[in-house]
Amino acid sequence: MNVSLLISPAIRAGLLGAAVLLTGFSASAQTAAVPRSRTFLLTSTATVPVPPAGTKTLDLWLPVPHTDASQDVRDLKIDSPVPYKIEKGEFGNQMLHLRLARYEPATLPTAPLVVKLTAQITRREHLNLRANAPTATAAAKAKKEKADPDMARWLAPDRLVPLDAKIKQQAEEVVANANAKTPLSKARAIYEHVVGTVTYDKTGQGWGRGDIYYACDARRGNCTDFHAIVIGYCRSLGIPARFSIGLPLPAQRGKGEVKGYHCWAEFYTPETGWVPVDASEAAKDPSRRAYFFGAHDENRVEFTRGRDVTLAPKQAGPPLNYFMYPYAEADGKPLEVGRLYEYADVMAQ
């Protein structure tokens with residue numbers, strides 16, 4: 001792929017807009033920005049089928065939303081017919097785990113096992129206006145951020161996001177064509193390149209795995225594919241970048257079922273701290289292209305972080321590409337689990 005041919009007028013316009021933003025945000029504007037928030041009840045239901053005859057052990061892992069700087073999780077309730085534990089895994093991920101073993105014929109379920117999680121969640125808009133106003137004061141604020149203990153991991157490759165010579169060359173071409181010199185301007189160039197040259201398209205096969213080579217060649221896919229390029233290009237240039245996954249909520253308040261996941265990314269520079277980006281949402285709605293460099297809206301909930309995920313306790317199978325949906329093993333072999341996600345907004349009184 002000749003990256004230099006992909007710097008379109010739209011990307012150049014986006015980079016020009018970035019330059020305007022870099023000078024257009026004042027300190028008072030940063031102070032005045034008040035993140036929007038949303039409070040809702042979340043229900044996550046996992047239905048484990050009856051395991052194959054002769055199964056000796058059955059394990060289930062269910063991701064549990066966590067409290068962090070952008071979301072509060074309250075009134076967590078678990079409805080399970082069997083004992084379970086809430087475990088903490090790598091990258092701060094939380095998960096429910098239960099194990100059933102066949103010590104007696106009646107130990108393992110003879111009907112589908114249903115486990116339900118409910119919680120009240122307040123999600124806040126994640127804004128980093130320092131991404132558009134990297135002043136000395138902003139840098140001082142960035143230094144106060146809590147250090148990420150997994151920073152080295154966010155510079156390392158993932159199984160489907162290798163940091164080989166070809167990926168590095170592509171990333172270097174993108175930033176060279178944008179004349180980007182600093183980590184922040186390089187990350188902006190990568191973001192504009194991805195938003196401007198990749199189409200949100202879930203037709204055919206290959207999309208949804210976050211395979212950077214598929215995404216670079218096909219130039220289409222879903223959020224996982226968009227952010228594989230963003231994260232891979234950033235990391236190949238020495239800019240830490242991390243992956244998060246959860247559920248999207250429709251902007252309209254109400255209640256309903258959420259049928260699929262959404263994922264997003266952040267990158268880090270010493271001047272800005274962690275900067276939220278959502279390249280796939282920007283591609284779907286070009287009017288919010290500038291917004292999604294430096295922001296995640298409040299219409300989402302994060303479940304877990306990272307890729308190539310090892311569960312707690314460790315699963316028998318290989319690391320998970322990402323951990324969003326319930327995962328089960330029968331005698332160490334993956335078992336398909338039914339899932340249902342529902343939300344209901346809590347309206348302000």
Side-chain angles (χ1 to χ4, degrees), residues 40-49 51 55 57-101 108-109 112-123 148-150 153-154 158-159 210 224 242-249 258 260-266 300-343:
F40 52 94
L41 297 176
L42 175 72
T43 303
S44 171
T45 305
T47 302
V48 185
T55 298
T57 60
L58 175 66
D59 288 270
L60 171 68
W61 293 264
L62 183 68
V64 176
H66 55 270
T67 292
D68 63 16
S70 295
Q71 66 185 28
D72 298 326
V73 179
R74 299 181 298 276
D75 300 328
L76 177 67
K77 297 181 177 64
I78 307 292
D79 182 7
S80 171
V82 298
Y84 64 87
K85 290 184 178 180
I86 301 295
E87 305 279 5
K88 188 170 183 179
E90 57 185 355
F91 317 134
N93 296 331
Q94 290 188 147
M95 61 203 75
L96 175 153
H97 175 254
L98 61 84
R99 171 172 292 168
L100 297 175
L108 290 183
L113 175 66
V114 179
V115 178
K116 180 177 291 189
L117 174 156
T118 59
Q120 178 169 298
I121 297 174
T122 296
R123 178 74 191 191
D148 187 328
D150 299 304
R153 177 65 185 88
W154 310 136
D158 296 319
R159 183 175 60 86
T224 326
R242 62 193 185 191
F243 169 96
S244 293
I245 193 166
L247 295 175
L249 302 181
V258 182
Y261 69 82
H262 181 50
C263 66
W264 49 92
E266 296 171 272
R300 62 189 70 204
V301 55
E302 181 176 303
F303 273 60
T304 61
R305 181 171 289 169
R307 298 185 60 182
D308 299 338
V309 179
T310 298
L311 303 177
K314 186 179 183 300
Q315 70 271 35
L320 303 184
N321 189 13
Y322 42 78
F323 182 39
M324 172 61 220
Y325 297 141
Y327 176 75
E329 291 181 341
D331 289 343
K333 296 180 180 179
L335 185 66
E336 190 69 27
V337 180
R339 56 184 184 264
L340 175 66
Y341 300 103
E342 300 166 292
Y343 75 96

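Starting from 1, each residue takes its place in the sequence as its number. What you see is a predicted model; the values in this text were computed from it and never measured.
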Inset, instruction - To the nearest 0.5 Å, tell me how far Tyr341 OH sits from Leu117 CG. - result: 9.5 Å
Legend entry - Atom pair CG (Asn93) and CD (Glu302), whose distance is rounded to the nearest 0.5 Å: 8.0 Å
Legend entry - Short N-O contact, Glu266 and Arg305, less than 4.0 angstrom: yes
Inset, instruction - Can you measure from CD (Glu87) to CE (Met95) and round to the nearest 0.5 angstrom? - result: 8.0 Å
Legend entry - Glu90 (side chain) donor-acceptor with Thr310 (main chain) under 3.5 angstrom: yes
Inset, instruction - Evaluate the criterion side-chain contact (heavy atoms from CB on, under 4.5 Å) for residue pair Gln71 and Val301; output intermediate values, then yes/no. - result: CA-CA 8 Å; Gln71 66 185 28; Val301 55; 3.6 Å; yes
Inset, instruction - Give the intermediate values and the outcome of side-chain contact (heavy atoms from CB on, under 4.5 Å) for residues Leu320 and Gln315. - result: CA-CA 9 Å; Leu320 303 184; Gln315 70 271 35; 3.9 Å; yes
Legend entry - Pro334 to Tyr327 - nearest heavy-atom pair and separation: CG-OH, 3.8 Å
Inset, instruction - Show your reasoning for whether side-chain contact (heavy atoms from CB on, under 4.5 Å) applies to Leu58 and Leu335. - result: CA-CA 9 Å; Leu58 175 66; Leu335 185 66; 3.8 Å; yes
Legend entry - Close side-chain approach of His97 to Pro313, heavy-atom, < 4.5 Å: yes
Inset, instruction - Given side-chain contact (heavy atoms from CB on, under 4.5 Å), test Leu62 with Ile78 step by step and report yes or no. - result: CA-CA 11 Å; Leu62 183 68; Ile78 307 292; 5.7 Å; no
Legend entry - Single hit among Phe243, Tyr322, Phe303 for ring-ring contact (aromatic ring centres under 6.0 Å, His included) with Tyr261: Tyr322
Legend entry - Atom of Ala312, atom of Gly89 and distance for their closest heavy-atom approach: CB-CA, 4.0 Å
Inset, instruction - Looking only at non-hydrogen atoms, find the nearest pair between Gly210 and Arg307 and report the distance. - result: O-NH1, 3.0 Å
Inset, instruction - To the nearest 0.5 angstrom, please state how far the CZ atom of Arg300 sits from the CG atom of Leu247. - result: 11.5 Å
Legend entry - Residue pairs involving residues 62-91 (criterion ring-ring contact (aromatic ring centres under 6.0 Å, His included); sequence neighbours excluded): Phe91-Trp154
Legend entry - Interatomic spacing from CZ in Arg99 to CH2 in Trp61 - rounded to 0.5 Å: 6.5 Å
Legend entry - Separation between OG of Ser244 and CE of Met324, rounded to the nearest 0.5 Å: 12.0 Å
Inset, instruction - Return yes if some donor-acceptor pair links the side-chain N/O of Thr304 with the main-chain N/O of Phe323 below 3.5 Å, else return no. - result: yes
Legend entry - Atom of Ala330, atom of Pro51 and distance for their closest heavy-atom approach: CB-CB, 4.5 Å
Inset, instruction - Report the residue from Leu96, Thr45, Val337 that forms a side chain to side chain contact (heavy atoms under 4.5 Å, CB included) with Val115. - result: Leu96
Inset, instruction - Give a yes or no answer on whether the side chain of Gln94 reaches the backbone of Ile86 with a donor-acceptor pair at less than 3.5 Å. - result: no
Legend entry - Residue pair Leu113 / Pro81, side-chain heavy-atom distance below 4.5 Å: yes
Inset, instruction - Give a yes or no on whether the backbone of Thr57 and the side-chain of Asp331 come within a donor-acceptor separation of less than 3.5 Å. - result: yes
Legend entry - Pair Asp150 + Arg242: basic N to acidic O under 4.0 Å: no
Legend entry - Polar side-chain atom of Thr118 near backbone of Thr43 as donor-acceptor pair, under 3.5 Å: no
Legend entry - Arg159 backbone acceptor or donor facing Asp308 side chain under 3.5 Å: yes
